[in-house]
Amino acid sequence: MEIYVSGSRSSRRGEPEYFTGSVWREEIITAPAPARVRSGFARFEPRARTAWHTHPLGQTLCVLSGVGRVQSWGEKAREVRAGDVIWIPPGEKHWHGASPNHTMVYIATQEDLDGVHVRWMEHVSEAQYLSPISL
Ligand code: MN
């Protein structure tokens with residue numbers, strides 16, 4: 001057993017290549033092989049979001065606090081709130097982030113396939129981010 005005590009691993013800024021706005025990320029686990037699960041916290045300021053991307057084996061998001069948005073390519077964005085759990089299927093192009101006026105924190109969990117857990121694409125434009133959401 002290994003215990004990673006609180007504060008022993010630094011928070012990291014979301015890289016500007018992959019995120020818009022201020023995002024802080026904290027690792028929960030990158031499990032050693034043969035396990036392949038990875039999970040972490042992500043904390044988004046209002047309007048902050050990921051770029052469009054896919055996960056080869058899908059992703060689960062559990063919203064811990066605040067109000068956020070998630071969108072799959074070709075669909076309207078949807079609002080999500082603390083307690084909501086989102087499953088994103090393998091290969092589905094999507095983004096996730098905070099709502100325009102509120103922060104959002106989630107735990108993201110995904111698995112590696114041949115060492116890859118995410119494939120990054122273009123940023124989410126302002127027009128895409130501000131387009132009407134599905135109610
Ligand atoms: Mn994702």
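Order of appearance sets the numbers: ligands from 1, and atoms from 1 within every ligand. Each residue takes its place number in the sequence, starting with 1.
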Fill in: Trace of the salt bridge (charged side-chain N to carboxylate O under 4.0 Å, His left out) decision for Glu26 with Arg43
CA-CA 9 Å; Glu26 286 140 16; Arg43 306 173 190 277; 2.7 Å; yes

Item to complete: Would you name the N/O/S atom of His94 that lies closest to the Mn ion (ligand 1)?
Response: NE2

Discussion item. Please report, to 10°, the angle around the Mn ion (ligand 1) from atom OE1 (Gln59) across to atom NE2 (His53).
Written reply: 160°

Practice prompt. Kindly state whether the ring of Trp120 and the ring of Phe19 have centres lying under 6.0 angstrom apart.
Written response: yes

Worksheet item: What is the NE2(His96)-the Mn ion (ligand 1)-NE2(His55) angle, to the nearest 10 degrees?
Response: 160°

Discussion item. Does the plane of the ring in His96 sit parallel, tilted or perpendicular to the ring in His55? Use 30° and 60° as the thresholds.
Written reply: parallel

Fill in: salt bridge (charged side-chain N to carboxylate O under 4.0 Å, His left out) between Arg69 and Glu75, intermediate numbers included
CA-CA 12 Å; Arg69 291 190 175 182; Glu75 299 178 10; over 6 Å; no

Practice prompt. Tell me, please, if Thr50 has any N/O/S atom, main chain or side chain, under 2.8 Å from the Mn ion (ligand 1)?
Written response: no

